[in-house]
Undergrad: 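Below you will find the structure I want to go over with you.
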Number of protein chains: 2
Amino acid sequence: MDDQAWYKNSFDGCPLTFALNLIGGKWRLPIIWALNKNRTMRYNELKRSIDGITNMMLTQSLKELELYGIIRREQFPEVPPRVEYSLTEHGEELMAALKALAGWGKKMKTVVIQNNIELEPAAGIPDSSDS
Amino acid sequence: MDDQAWYKNSFDGCPLTFALNLIGGKWRLPIIWALNKNRTMRYNELKRSIDGITNMMLTQSLKELELYGIIRREQFPEVPPRVEYSLTEHGEELMAALKALAGWGKKMKTVVIQNNIELEPAAGIPDSSDS
DNA sequence: CAGAATCCGCGACGATACTG
DNA sequence: CAGTATCGTCGCGGATTCTG
């Protein structure tokens, strides 16, 4: 990197953007969500539970979330390796904030669909197939 | 699109992912944030206030946010065109949810930086500046 | 003043191996 | 079982130019 790590000055002080950077990416939320439901999960258990994720993305996302202090990784030195993941306290606190946002999203889904019906011709989502 | 619009089945029912899709993208939050502070702003006022945004991205983001019902657009039929933007009630409600997330982010900034200091060599942010 | 249209780079992500 | 490594794709967003 030619400058500092992104999180040291991401939006230079906007904690919201910082938070969204932490939970951004395609797979972090699914992981967090799964760990919130099942409390603690092994690697392949997560992989099976999250549809479509590859080893690479799962590993990478888990490492990042652990680095951020959102999830906890416990490795057991056994012959067939066993690694368990769970949410940290910060992860649990995150869930609370996310639920508020989810509540808003639930309401908005209706609104957006209706707005789209009214304004649809101007939407930036072009249709390129006739099927 | 070859299938339905993304928001009609984004995560097929996860309102959280839906919400994040609404406020995702690079400029939507800065726009929302600016409108929340100044209540109502004109186009070029927004453009000046949001550092680095181009006409294209501003126009596009404004249209999307309006389509989603998060912001309101008022056009005045005057000789020098005048357009004013402001948050809708849904936009205001969003701000509330975002503030909780921002609070979490504020706490996490400290945590992440400290974790990084300890775990830094394993971070996924490679240094390739001299290669 | 308030946009619209086009081209393009880059980084996130996917696919596909290989390993202790 | 729990990862790593490498390569290729794809689309968001940046830069630039044009218009009512």
Side-chain angles (χ1 to χ4, degrees), chain A residues 1-3 5-6 10 17 20-31 40-67 71-86 121-126 128, chain B residues 1-3 6 10 17 20-31 40-67 71 73-85 121-129 131:
Chain A
M1 314 256 304
D2 36 325
D3 50 4
W6 62 268
S10 77
T17 300
L20 290 173
N21 281 337
L22 290 186
I23 64 173
K26 190 168 186 178
W27 300 108
R28 291 187 193 165
L29 245 2
I31 291 173
T40 171
M41 299 175 79
R42 301 181 58 173
Y43 180 91
N44 276 317
E45 196 179 353
L46 272 166
K47 171 157 187 181
R48 266 177 269 111
S49 118
I50 299 173
D51 193 63
I53 197 170
T54 63
N55 278 328
M56 182 183 172
M57 291 315 293
L58 179 54
T59 300
Q60 178 181 317
S61 306
L62 287 171
K63 271 212 281 211
E64 290 159 350
L65 289 172
E66 189 200 0
L67 175 67
I71 70 175
R72 178 184 309 117
R73 183 195 133 110
E74 290 180 282
Q75 180 164 0
F76 301 88
E78 303 175 354
V79 180
R82 180 165 129 252
V83 183
E84 289 188 350
Y85 295 91
S86 55
I125 305 173
S128 56
Chain B
M1 318 250 305
D2 37 326
D3 49 6
W6 62 269
S10 77
T17 300
L20 291 173
N21 281 337
L22 291 187
I23 64 173
K26 190 168 185 177
W27 301 107
R28 291 186 194 166
L29 245 1
I31 291 173
T40 171
M41 300 175 78
R42 299 181 59 172
Y43 182 90
N44 277 318
E45 196 179 354
L46 272 166
K47 171 158 184 171
R48 267 177 269 111
S49 117
I50 299 173
D51 192 64
I53 197 169
T54 63
N55 278 329
M56 181 186 170
M57 291 315 292
L58 179 55
T59 299
Q60 177 181 316
S61 305
L62 286 172
K63 269 212 281 210
E64 289 159 350
L65 288 172
E66 188 200 1
L67 175 66
I71 70 175
R73 181 194 135 112
E74 290 179 280
Q75 179 164 1
F76 301 88
E78 305 176 352
V79 180
R82 179 165 129 251
V83 183
E84 289 188 349
Y85 295 92
I125 305 172
D127 184 280
S128 56
S129 52
S131 58

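The chains referred to below are lettered A, B, ... by the order of the sequence lines, with proteins before strands, and numbering in each begins at 1.
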Undergrad: For C/dA2, does either OP1 or OP2 sit under 4.0 Å from a side-chain N or O belonging to B/Arg48?
TA: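 For C/dA2, neither OP1 nor OP2 has a side-chain N or O of B/Arg48 closer than 4.0 Å.
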
Undergrad: Over how many whole Å does the gap from B/Ile31 atom CD1 to C/dA2 atom P extend?
TA: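 After rounding, the gap between these two atoms is 14 Å.
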
Undergrad: Check the distance between C/dA2's P and B/Glu74's CD and give it to me in whole angstrom.
TA: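 For the pair B/Glu74 CD and C/dA2 P, the rounded distance is 14 Å.
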
Undergrad: Nearest 0.5 Å, please: how far is CZ in A/Arg73 from OH in A/Tyr43?
TA: 10.5 Å

Undergrad: Report yes if at least one side-chain N or O of A/Tyr43 is closer than 4.0 Å to OP1 or OP2 of D/dT4; otherwise report no.
TA: no

Undergrad: Check every atom of D/dT16, D/dT4, C/dC13 against the side chain of B/Thr54 and return the nucleotide holding the closest atom.
TA: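 Within the option list, the nearest is D/dT16.
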
Undergrad: Please confirm whether the shortest side-chain N or O distance from A/Trp27 to OP1 or OP2 of C/dA12 is below 4.0 Å.
TA: no

Undergrad: How would you label the contact of B/Gly52 with the nucleic acid (heavy atoms, under 4.0 Å): base, sugar-phosphate, or nothing?
TA: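 Touches nothing.
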
Undergrad: Tell me the closest heavy-atom pair linking B/Leu46 and B/Met41, and the distance in Å.
TA: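 That closest heavy-atom pairing would be CD2-SD, 3.7 Å.
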
Undergrad: Report the C-alpha separation of A/Arg28 and A/Glu64 in whole Å, then their side-chain angles, then the decisive distance to 0.1 Å, and conclude whether the salt bridge (Lys or Arg N to Asp or Glu O under 4.0 Å) test is met.
TA: CA-CA 9 Å; A/Arg28 291 187 193 165; A/Glu64 290 159 350; 2.8 Å; yes

Undergrad: Nearest 0.5 Å, what's the CD-CD distance between B/Glu45 and B/Glu84?
TA: 8.0 Å

Undergrad: Counting just side-chain N and O atoms, does A/Asn55 come under 4.0 Å of either OP1 or OP2 of D/dG3?
TA: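 No, no such contact exists.
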
Undergrad: Counting the atoms with a prime plus P, OP1 and OP2 as sugar-phosphate, which does A/Pro81 contact under 4.0 Å by heavy atoms, base, sugar-phosphate, or nothing?
TA: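 Base contact.
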
Undergrad: Does A/Arg42 have a side-chain nitrogen or oxygen under 4.0 Å from the phosphate oxygens OP1 or OP2 of D/dA2?
TA: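 Indeed, a polar side-chain atom of A/Arg42 lies that close.
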
Undergrad: Nearest whole angstrom, please: distance from the P of C/dT6 to the CD of B/Gln60.
TA: 14 Å

Undergrad: I want to verify a distance call: between C/dA5, D/dG3, D/dA2, whose nearest atom is closest to the B/Met56 side chain?
TA: C/dA5

Undergrad: A/Lys63 side chain N/O closer than 4.0 Å to the phosphate oxygens (OP1, OP2) of D/dG3?
TA: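 No, no such contact exists.
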
Undergrad: Would you mind classifying the nucleic acid contact of B/Phe76 as base, sugar-phosphate or nothing, using non-hydrogen atoms under 4.0 angstrom?
TA: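 Nothing, no nucleic acid heavy atom in range.
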
Undergrad: Given D/dC1, is OP1 or OP2 found less than 4.0 Å from the side-chain N or O atoms of A/Lys47?
TA: no

Undergrad: How many Å lie between CD1 on A/Ile50 and P on C/dC13, as a whole number?
TA: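 Result: 14 Å.
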
Undergrad: Which atom pair, heavy atoms only, marks the closest approach of B/Leu20 to A/Leu29?
TA: CD1-CD2, 3.2 Å

Undergrad: Distance check needed: D/dG3 C1' versus A/Gln75 CD, whole Å only.
TA: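 Spelled out: CD on A/Gln75 to C1' on D/dG3 is 10 Å.
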
